[in-house]
Amino acid sequence: MRKMIVVIMAFVLWWLPLNGVATAITVAQDDAAIFMLQQRVLPLQRMAHLDPLVQRCAGVQLVLLGDGTHGGEEFYYLRRLLSVLLVQQQSISFIALEADWDRCLALDRYVRDLPGAADSAAYALEGFDSWRSWVWRNGEIALLLDELRAINLRRPLSQRVAVYGIDMLDYGLSLQKLAAVPALATAAQALGNCLPGAGMLPDDYFYHLQAGGTSCELLATALAQRLPRGAQVFPRDISALDFDLAQQMRVVQRGEAHYRVQVLKPEWAWNLRVRHFAQTLQQLLKRHGSAARGIVWAHNTHVGDGRATQMYDCGIESLGQLVRRRMGASRVFLLGQTGFSGAVRASRGWGGEAQVLPVPPACADSSEALLHRSGIAAGMWLFSETDAATALNIPRWQRAIGVTYEPGNDIRDNYVMTRLTQRYDALIYIDQMTALLPLSESKP
């Protein structure tokens, strides 16, 4: 039986293609799109080639950087370069990762040189010890942390760039922290006793409920009500300790709800998660003041505007959609990244061992296949509102590979119908992808 996240991704990346109506694309439309790609491509051979992207991000409050897989080396490399350039050249307050809040606390201490900071990026990343650790415990993330730390050490503490996690899938870590707070201990322990595996294995809660087990919703609510009122509202002047405590509580409450509702409504669970991303980002912007700006690292399925995909037709939201709607499109920049074929680091099943897996050529009627036919090995494109009426925006499939991947089921499981120029503000394409290196295999 597939694990919880696979169930949700199967709904998003498998049900939608089978039930959607693909647009019949003519040869002339494909030729027009290929001509536009060739005429408008921007190179990616040198660091300076990222300057147009950096310039487009000027004045934007949130820069969302996507990836077509959680295991592609080029996607991480380019996001790292772009993030460092933005931090060096523009005022950036924080970088937010599609990773758990609690695990990222050590990263923040390291890059800002806060009390208790690890001696190295490798030590700071040791908390990412789950089976999918390669997603964040890799050489590119370690380099990013070292580069941010070097920049930060030249700045006063108040101007140092922070690192946060905006996810809540492993909410058991946060429950442990709450159980260590005397005023919350009894309620936290009661919730932990209700959750299978003492709350440390959230997947077990999903299976427990699926088998007809007792819900822990009331206990999660009771725990949240124990939080001091001042910490609940997240004022800007709240202490760092109380800010962390409030976020740990939100992670627990929303994490419990996420696993609970996905038993019957996987699309609701998906939406709860991306709303948590969006709400956490809003709180971080508020925390850092009116001039705050942030960078977000997440998968294309989160970064892209879901309204330009079949996700929207089924009531499934994306982070890009939520922040564009709330903040205005001019205050948000959405970058997608994708590739045609090559290799990826992923697991064949939820909880399985990470492997380097082949990525077959993208399906014939996909955006990736169109990009491949253009003859471009690596390039990027900046989109504008006028592109909505061009051949580039005709609905085509776009591939999305997560932490689990079965190459033999690539066409069945991994495509979403997409209007490319409305889903993203910019796109990066790598024709031949290489697998992400875990930290243990990276060059020193």
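This chain uses plain numbering: 1 for the first residue, then up along the sequence. Owing to the predicted nature of the structure, the values given are computational and were not obtained by experimental measurement.
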Restricting to pairs with a member in residues 45-72, which pass ring-ring contact (aromatic ring centres under 6.0 Å, His included), not counting sequence neighbours?
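Counting only pairs at least two positions apart or across chains, the ring-ring contact (aromatic ring centres under 6.0 Å, His included) contacts touching residues 45-72 are His70-His299.
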
What pairs of residues pass the ring-ring contact (aromatic ring centres under 6.0 Å, His included) test when at least one of them lies in residues 309-337, not counting sequence neighbours?
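Applying ring-ring contact (aromatic ring centres under 6.0 Å, His included) to every pair that reaches into residues 309-337, excluding sequence neighbours, yields nothing.
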
Would you please name every residue forming a side-chain contact (heavy atoms from CB on, under 4.5 Å) with [X], sequence neighbours left out?
X: Gln39; result: Phe35
X: Leu42; result: Pro52, Met380, Leu382
X: Ala124; result: Leu107, Tyr110, Ala118
X: Ala150; result: Arg154

Name all residues meeting the ring-ring contact (aromatic ring centres under 6.0 Å, His included) criterion together with [X]; count only those two or more places apart in sequence or in a different chain, and write none if there are none.
X: Phe340; result: His372
X: Phe383; result: none
X: Phe94; result: Tyr164, His288

Donor-acceptor check, side chain of [X] to backbone of [Y], threshold 3.5 angstrom: yes or no?
X: Asn271; Y: Glu317; result: yes
X: Trp134; Y: Arg345; result: yes
X: Tyr424; Y: Gly66; result: no
X: Ser341; Y: Pro361; result: no
X: Asn300; Y: Asp67; result: yes
X: Glu368; Y: Ala362; result: no
X: His302; Y: Leu319; result: no
X: Arg331; Y: Gly59; result: yes
X: Thr309; Y: Met311; result: yes
X: Gln38; Y: Ser374; result: yes

Mind checking salt bridge (charged side-chain N to carboxylate O under 4.0 Å, His left out) for Asp387 and listing every partner two or more places apart, or none if nothing turns up?
Arg40

Could you check Arg254 against His276 for side chain to side chain donor-acceptor pair (under 3.5 Å), going step by step and ending with a plain yes or no?
CA-CA 7 Å; Arg254 293 168 182 168; His276 175 76; 3.0 Å; yes

Who passes side-chain hydrogen bond (donor to acceptor under 3.5 Å, both in side chains) against Arg137, sequence neighbours left out?
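Arg137: no side-chain hydrogen bond (donor to acceptor under 3.5 Å, both in side chains) contacts found.
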
Hey, what do you get for OG (Ser120) to CG (Asp146), rounding to the nearest 0.5 Å?
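It comes to 7.5 Å.
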
Looking at every non-hydrogen atom in both residues, tell me the closest pair between [X] and [Y] and how far apart they are.
X: Trp381; Y: Leu37; result: NE1-O, 2.9 Å
X: Ser83; Y: Leu65; result: OG-CD1, 3.6 Å
X: Ala33; Y: Leu370; result: CB-CD2, 3.6 Å
X: Asp102; Y: Ser174; result: CB-OG, 4.3 Å
X: Leu427; Y: Gln398; result: CD1-NE2, 4.4 Å
X: Asn393; Y: Leu420; result: OD1-N, 3.5 Å

State, without any angle test, whether Thr280 and Gln247 hold a side-chain donor-acceptor pair at a distance under 3.5 Å.
yes

Answer yes if the side chains of Tyr205 and Glu256 hold a donor-acceptor pair under 3.5 Å, and no otherwise.
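Short answer, yes.
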
Taking atom CG of Asp129 as the centre, does the number of heavy atoms from other residues, nucleotides or ligands within less than 6.0 Å exceed 12?
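Yes, CG of Asp129 has more than 12 neighbouring heavy atoms, counting only those of other groups under 6.0 Å.
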
Applying salt bridge (Lys or Arg N to Asp or Glu O under 4.0 Å), run through Asp305 and Arg423 and close with a yes or a no.
CA-CA 5 Å; Asp305 190 330; Arg423 190 177 188 184; over 6 Å; no

May I have all residue pairs that pass side-chain hydrogen bond (donor to acceptor under 3.5 Å, both in side chains) and include part of residues 51-63, sequence neighbours excluded?
none

With side-chain contact (heavy atoms from CB on, under 4.5 Å) as the criterion, how do Trp131 and Glu353 come out once you've worked through the C-alpha distance, each side chain's angles and the decisive distance to 0.1 Å?
CA-CA 7 Å; Trp131 65 272; Glu353 182 181 356; over 6 Å; no

Is [Y] paired with [X] through a side-chain N to carboxylate O contact shorter than 4.0 Å?
X: Lys177; Y: Asp244; value: no
X: Asp100; Y: Arg103; value: yes
X: Asp30; Y: Arg396; value: yes

Think Arg79 forms a cation-pi with Tyr76, using NZ or CZ under 6.0 Å from the six-ring centre and within 45 degrees of its axis?
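Satisfied, under 6.0 Å and within 45°.
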
Criterion side chain to side chain donor-acceptor pair (under 3.5 Å) on Asp413 and Tyr405, from CA distance to verdict:
CA-CA 9 Å; Asp413 289 349; Tyr405 182 57; over 6 Å; no

Check the pair Thr434, Glu74 against side chain to side chain donor-acceptor pair (under 3.5 Å), reporting the backbone distance first and the verdict last.
CA-CA 7 Å; Thr434 55; Glu74 292 84 1; 2.7 Å; yes

Would you mind reporting whether [Y] and [X] have side-chain heavy atoms less than 4.5 Å apart?
X: Glu98; Y: Trp297; value: no
X: Met433; Y: Glu73; value: no
X: Leu335; Y: Ile428; value: yes
X: Val416; Y: Trp397; value: no

Walk me through whether Arg250 and Gln279 qualify under side chain to side chain donor-acceptor pair (under 3.5 Å).
CA-CA 10 Å; Arg250 293 170 193 271; Gln279 290 161 357; over 6 Å; no

Just say parallel, tilted or perpendicular for the rings of Trp136 and Phe128, cut-offs at 30° and 60°.
tilted

Is there a side-chain contact (heavy atoms from CB on, under 4.5 Å) between Thr404 and Arg348? Walk through the geometry before answering.
CA-CA 5 Å; Thr404 63; Arg348 288 187 182 272; over 6 Å; no

Let me see the working for Asn152 and Asp113 under side-chain contact (heavy atoms from CB on, under 4.5 Å), right down to the final yes or no.
CA-CA 8 Å; Asn152 278 340; Asp113 195 31; over 6 Å; no

Under the side-chain contact (heavy atoms from CB on, under 4.5 Å) criterion, do Asn414 and Asn409 qualify, and how do the steps go?
CA-CA 8 Å; Asn414 296 285; Asn409 297 332; 5.6 Å; no

